[in-house]
Amino acid sequence: MKRILAALAMTAAATAALAQDEDPYLWLEDISGERAMAWVNDQNAKSRPAVEKEPGFHVLLNRFTEIANSRDRIPAISKLGTFVYNFWQDAANPRGLWRRTTLAEYRKAQPAWEEVLDLDKLSAAENEKWAWKGATCLYPKYERCLVSISRGGSDAVEVREFDLAKKAFVEGGFRLPESKGGVAWIDEDTIYASRDFGPGTMTLSGYPRAVKRLKRGQSLADAPVVFQVSEQDVGAWPSVTHEKDSRVEMMTRVISTRRSEGFVVQGDKLVKLDLPDTVDASVSAGVLYVRLREDWMLAGRQYKSGELLAMDLARFLDSGTAFEVLFTPGPRVSLDAFLPMKSIVLLDLLDNVSSRLVEMRRGADGKWTKRDVDAPKLANLNAVAWDRRESDDYFLFVTGFTTPTTLHFAKGGTDEREKLKSLPDFFDASGLEVTQHEATSKDGTKIPYYQVMRKSAKLDGKNPTILYGYGGFEVSMVPTYSGFIGNGWLAKGGVWVLANLRGGGEFGPAWNQVARREGRQKAYDDYIAVAEDLIARKVTSPRKLGILGGSQGGLLVSATMLQRPELFGAVVATVPLMDMKRYHKLLAGHSWVGEYGDPDKPEDWAFISKYSPYQNVLRGRPYPKMLITTSTRDDRVHPGHARKMAARMQQFGYGTTYFEYTEGGHGAGTTPAQTAYTWAFIYTWFAQALM
């Protein structure tokens, strides 16, 4: 009895402390602190055996491991000179192998690959857990690259110069210490770098404030600063677009979420692009492309939000105002991506959240014409240029929920496509049906969602269902093929649902803007509406309905659960935001103030406080079972969010499971084995809770 009274007293004291802005679990923000890690280890010691003891866990883990290591996966390639390059991970190369081959060889069922860089050997030699973060190689010879590697998958990377001909790091070459930021080649002996240059050189968001021009053999300390932004800004990034006979050097000041300014380097001067700070601007082959997020009146002409505009960069810098409009959105049609190539621009459109492709070609008169590409319908399409300077050909990935991904080599200007690769059937999709539905949100807005379900399933409210959502940062949720979802859930008779919530980008910028800041509640209302529609249609019932989301999606599922706990039977939040009172003080959090608002401002905290999960946990509520996962090495969303929320839930007596993997960055792991384990853990936990 004394223990119960003492626990109740501690709970009451902690609740009062949180209400007074005192945080009883602040110590869990000490990422690798002894006390915090002891708590993490204790949580893992409880959660892992509880899930691993389930009979289906090891079966699922073995299957997921097979999929993650399968030689039948499609190797994504990029062309650098005469070779195509790929980064590959499997059981023999868990940290990964950078390798190359020719396109002719790649066409074979099992190509012969040439090893370029082995991260497993590098990790062993340097006693580090290196994770691949990409390479920037210098056009046109592609002999030198700036390779980025990170410890444990974090966003902060170390940059080293690499010789592709010798397949070795360059002794005495460019080498930048671990930091967030960017790098870009200017020429063989000069690069731009935005890094942590010492005290006072990072923004409140944890990104570099300055860009330096670094010459070969010059120390980073001696390199001159060529561009600098405010501590309040998100950060400064360099970019260099190399063409056949010229290059365009640019600096970008990122002000906040989806607000930035671009500057073109002209000699010793920086010329600001006279554009609204809400646009996305990029340059290719001397053409300036501008994607609008808001209506823009220019020289008496009204351009619309969501449009894609184009103009020769030189003409724009010379006070040009007459943009060509390459795309104008429709009521349910938006631009998901665009791909400039030698003589065409390929538009990837979302038409009611289904992909279609359009080619835009500029004629001798400077006018643009369009052609619809005959591509698969009701699928998600993703195009990657083969060689944007020399060719209109491109790689086309085609995927769907139940259709294994295929890779085609497409010829621009025609409907010709050569099928290069295809995934095997990683799960049995026979009998599954993909349908699209709409729920009506609180304010009357129609919210689409995809449903994957067995045709034979009865609409009796008894189907275990996972509802996935994100709803933020203008990110669109589209169909994709997943052996993990297929084996982990669909093969067990479960239903998979993907919601297209406001806050995302499915229907253009306005779909995001209406759910930002004080409008954030609309994303939660949308998610609730989809859940209610699934229940009303008798696809499932509250006891059988689980919700899943990561990062911003982790915030989504947590906030929604707290508002409508009676709707759900299980909740999984991965690498989540949870403490919206302090999110802007933790790692990259300050960079998202444009999305969520500033909790230090009373007028912003007034709406943030209504949904911030950590501050809204109450005692005695019918909260569903919850699993929270994160990574110690996540340097984007601080692991303190997940830790504190789990501690809070457990303190109040709720059945909350916590699992933290020690590497993986802002993801599910850095090796195939880690990724397989994390998702086997999640789907086994869901099965425990809902089946």
Side-chain angles (χ1 to χ4, degrees), residues 25 27-48 51-52 61 64-65 68 89 94-96 119 123 128-133 148-158 178-180 206 470 484 548-558 571-579 582-583 586-589 591-592 613-614 626-647 656-685:
Y25 295 113
W27 54 275
L28 284 172
E29 292 180 8
D30 185 2
I31 295 177
S32 55
E34 184 176 348
R35 184 185 179 193
M37 287 309 299
W39 181 89
V40 167
N41 292 333
D42 181 62
Q43 293 287 322
N44 286 347
K46 296 173 183 175
S47 62
R48 293 183 64 172
V51 171
E52 290 176 4
L61 177 60
F64 280 10
T65 302
Q89 292 175 283
R95 301 227 161 257
L119 253 65
S123 296
E128 279 286 0
K129 296 178 179 179
W130 289 119
W132 177 258
K133 291 292 181 175
S148 296
I149 51 178
S150 81
R151 291 173 174 83
S154 63
D155 287 351
V157 299
E158 184 175 302
E178 184 180 52
S179 171
K180 293 182 180 181
Y470 188 77
F484 290 174
L548 167 65
S551 191
Q552 146 63 28
L555 169 62
L556 168 76
V557 298
S558 302
V571 180
V572 175
T574 68
V575 290
L577 284 93
M578 295 288 202
D579 182 358
R582 286 181 49 77
Y583 85 92
L586 301 174
L587 296 175
S591 64
W592 310 320
Y614 187 51
M626 189 173 194
L627 166 63
I628 302 173
T629 73
T630 192
S631 164
T632 312
R633 292 294 298 174
D634 188 348
D635 58 350
R636 194 179 311 172
V637 175
H638 197 292
H641 284 278
R643 294 173 179 179
K644 294 197 299 181
M645 184 67 175
T656 302
T657 303
Y658 183 85
F659 169 54
E660 181 173 322
Y661 34 100
T662 55
E663 64 171 306
H666 193 58
T670 57
T671 68
Q674 292 167 3
T675 302
Y677 181 91
T678 300
W679 285 109
F681 190 101
I682 288 171
Y683 284 114
T684 301
W685 185 91

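The residues of the chain are indexed from 1 along the displayed sequence.
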Is the closest side-chain heavy-atom distance between [X] and [Y] below 4.5 Å?
{"X": "Pro576", "Y": "Val637", "value": "no"}
{"X": "Glu29", "Y": "His638", "value": "yes"}
{"X": "Trp685", "Y": "Phe659", "value": "no"}
{"X": "Ser150", "Y": "Val157", "value": "yes"}
{"X": "Pro94", "Y": "Gln674", "value": "no"}

I'd like to know if the side chain of [X] reaches the main chain of [Y], judged simply by a donor and an acceptor atom lying under 3.5 Å from each other, with no hydrogens or angles considered.
{"X": "Asp635", "Y": "Asp155", "answer": "yes"}
{"X": "Ser123", "Y": "Glu128", "answer": "yes"}
{"X": "Thr630", "Y": "Ala642", "answer": "no"}
{"X": "Arg643", "Y": "Ile31", "answer": "yes"}
{"X": "Asp42", "Y": "Ala38", "answer": "no"}
{"X": "Ser47", "Y": "Gln43", "answer": "yes"}
{"X": "Lys133", "Y": "Gly153", "answer": "yes"}

Quiz item: Does Tyr661 have its ring centroid less than 6.0 Å away from the ring centroid of Phe681?
Solution: no
Measuring from [X]:[atom1] to [Y]:[atom2], what's the distance to the nearest 0.5 Å?
{"X": "Leu556", "Y": "Leu577", "atom1": "CG", "atom2": "CG", "answer": "11.5 Å"}
{"X": "Glu663", "Y": "Ser631", "atom1": "CD", "atom2": "OG", "answer": "8.0 Å"}
{"X": "Leu61", "Y": "Thr684", "atom1": "CG", "atom2": "OG1", "answer": "8.5 Å"}
{"X": "Tyr658", "Y": "Leu627", "atom1": "OH", "atom2": "CG", "answer": "10.5 Å"}
{"X": "Ile682", "Y": "Trp679", "atom1": "CD1", "atom2": "CH2", "answer": "4.0 Å"}

Nearest heavy-atom neighbours spanning [X] and [Y]:
{"X": "Glu178", "Y": "Ser154", "value": "OE2-OG, 4.3 Å"}
{"X": "Lys180", "Y": "Ala588", "value": "NZ-CB, 4.0 Å"}
{"X": "Met645", "Y": "Pro613", "value": "CE-CB, 3.8 Å"}
{"X": "Ala647", "Y": "Leu28", "value": "CB-CD1, 3.9 Å"}
{"X": "Arg633", "Y": "Thr662", "value": "CG-O, 3.0 Å"}
{"X": "Met626", "Y": "Ser558", "value": "CE-OG, 3.4 Å"}

Quiz item: How about Lys129: does its NZ atom have over 12 heavy atoms from other parts shown lying under 6.0 Å from it?
Solution: no
Exercise. Only one of Thr657, Thr656, Val575, Thr574 passes side-chain contact (heavy atoms from CB on, under 4.5 Å) with Ile628; say which it is.
Key: Thr656
Practice problem: List the steps and the verdict of side chain to side chain contact (heavy atoms under 4.5 Å, CB included) for Trp130 and Thr670. | Solution: CA-CA 9 Å; Trp130 289 119; Thr670 57; over 6 Å; no
Quiz prompt | Aromatic plane relationship, Trp592 with Tyr583 - under 30° parallel, 30 to 60° tilted, over 60° perpendicular | solution = parallel
Quiz item: Are Thr671 and Gln89 linked by a side-chain donor-acceptor pair shorter than 3.5 Å?
Solution: no
Quiz item: Just checking, is any N or O donor in the side chain of His641 or Asp579 under 3.5 Å from an acceptor N or O on the other one?
Solution: no
Self-check item: Intermediate values then yes/no, side chain to side chain contact (heavy atoms under 4.5 Å, CB included), Phe484 and Thr675
Solution: CA-CA 10 Å; Phe484 290 174; Thr675 302; 3.8 Å; yes
Exercise. May I ask you to decide whether Glu158 forms a salt bridge with Arg151, counting only side-chain N to carboxylate O separations under 4.0 Å?
Key: yes
Practice problem: With side chain to side chain contact (heavy atoms under 4.5 Å, CB included) as the test, would you mind laying out the steps for Tyr25 and Tyr614 before giving the verdict? | Solution: CA-CA 11 Å; Tyr25 295 113; Tyr614 187 51; 3.4 Å; yes
